[in-house]
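Here the structure is a predicted model, which means the values were calculated and not measured.
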Amino acid sequence: MSYEDHPELAGYEPQDERPLRGRTMTVASRVFVFVALTALVLPGVLLTVSIQTQTADYTCGVYSRHYEPDSTGASARFELFGPLGPGWQCYALNTEGDATWVAPLGLIPSAPHQLP
């Protein structure tokens with residue numbers, strides 16, 4: 001490619017090879033973008049976790065009343081190494097506070113359904 005291909009560049013001579021913005025402006029821009037992305041993503045993540053926790057608690061309560069009628073309470077926990085793999089696990093609680101595993105609720109808990 002030559003200047004004959006682009007006549008508008010015929011008299012152009014680059015001045016020097018310094019960046020268009022200084023270091024302070026670059027750092028400030030990066031910090032602003034990070035804060036803005038966090039402000040956009042964090043509420044969605046917190047809302048999703050809150051809804052999953054509520055759904056797991058409700059579903060675990062239904063399962064513990066159905067499959068462990070003598071239990072005094074229920075506890076839904078997210079475990080990476082649960083009895084059937086990672087996900088929400090349902091435990092029935094007795095009067096001494098001991099937990100008995102009732103059912104897996106999966107990675108994304110859903111409404112109660114008939115277990116096999």
Side-chain angles (χ1 to χ4, degrees):
M1 180 176 4
S2 65
Y3 289 122
E4 290 80 28
D5 296 337
H6 299 283
E8 66 273 8
L9 297 176
Y12 177 72
E13 292 292 327
Q15 298 293 328
D16 53 358
E17 296 298 325
R18 66 184 186 105
L20 295 177
R21 291 179 177 80
R23 179 166 165 70
T24 305
M25 182 57 97
T26 302
V27 170
S29 297
R30 288 180 182 170
V31 168
F32 176 78
V33 168
F34 177 76
V35 169
L37 285 175
T38 302
L40 286 172
V41 172
L42 189 62
V45 170
L46 293 177
L47 182 65
T48 301
V49 169
S50 172
I51 290 172
Q52 282 190 358
T53 302
Q54 291 174 355
T55 303
D57 287 338
Y58 172 75
T59 304
C60 186
V62 170
Y63 283 161
S64 66
R65 282 191 302 273
H66 185 269
Y67 293 108
E68 295 285 336
D70 296 333
S71 66
T72 59
S75 173
R77 306 175 198 157
F78 186 85
E79 298 178 352
L80 290 176
F81 303 103
L84 294 179
W88 289 91
Q89 307 297 327
C90 178
Y91 293 92
L93 304 175
N94 62 16
T95 55
E96 288 84 31
D98 297 332
T100 304
W101 184 78
V102 177
L105 303 177
L107 287 173
I108 301 174
S110 64
H113 56 278
Q114 187 68 29
L115 293 177

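- Sorted pairs that involve residues 36-53 and meet side-chain hydrogen bond (donor to acceptor under 3.5 Å, both in side chains), not counting sequence neighbours, are lacking altogether.
- Legend: residues meeting side-chain contact (heavy atoms from CB on, under 4.5 Å) with Val31, ordered by chain and number and at least two apart, are Val27, Val35.
- Remark: Thr59 engages no residue in a side chain to side chain donor-acceptor pair (under 3.5 Å) (not counting sequence neighbours).
- Residue-environment remark: CZ (Arg77) exceeds the threshold of 12 foreign heavy atoms within 6.0 Å.
- By the ring-ring contact (aromatic ring centres under 6.0 Å, His included) test, Tyr58 is found to be paired with no residue, residues two or more places apart in sequence or in another chain being considered.
- Scanning for side chain to side chain donor-acceptor pair (under 3.5 Å) contacts around Glu79 gives Tyr91, with sequence neighbours left out.
- With sequence neighbours excluded, the residues that form a side-chain contact (heavy atoms from CB on, under 4.5 Å) with Arg65 are Val62.
- Residue Leu40 is found outside any hydrophobic cluster, as its side-chain heavy atoms come under 4.5 Å of no other Ile, Leu, Val, Met, Phe, Trp or Tyr.
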Side-chain donor-acceptor distances from residues 93-103 under 3.5 Å, at least two apart:
from   : atom 1 : to    : atom 2 : distance (Å)
Asn94  : OD1    : Glu96 : N      : 3.1
Asn94  : OD1    : Gly97 : N      : 3.1
Asn94  : OD1    : Asp98 : N      : 2.9
Trp101 : NE1    : Gln89 : OE1    : 3.0

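- Grouping Ile, Leu, Val, Met, Phe, Trp and Tyr residues whose side-chain heavy atoms lie under 4.5 Å apart, directly or via other members, places Leu46 in a hydrophobic cluster with Leu42.
- In this structure, the side-chain contact (heavy atoms from CB on, under 4.5 Å) partners of Ser110, at least two apart in sequence or on a different chain, are His113.
- For residues 39-94, the set of pairs meeting the disulfide bond (SG atoms under 2.5 Å apart) definition, not counting sequence neighbours, comprises Cys60-Cys90.
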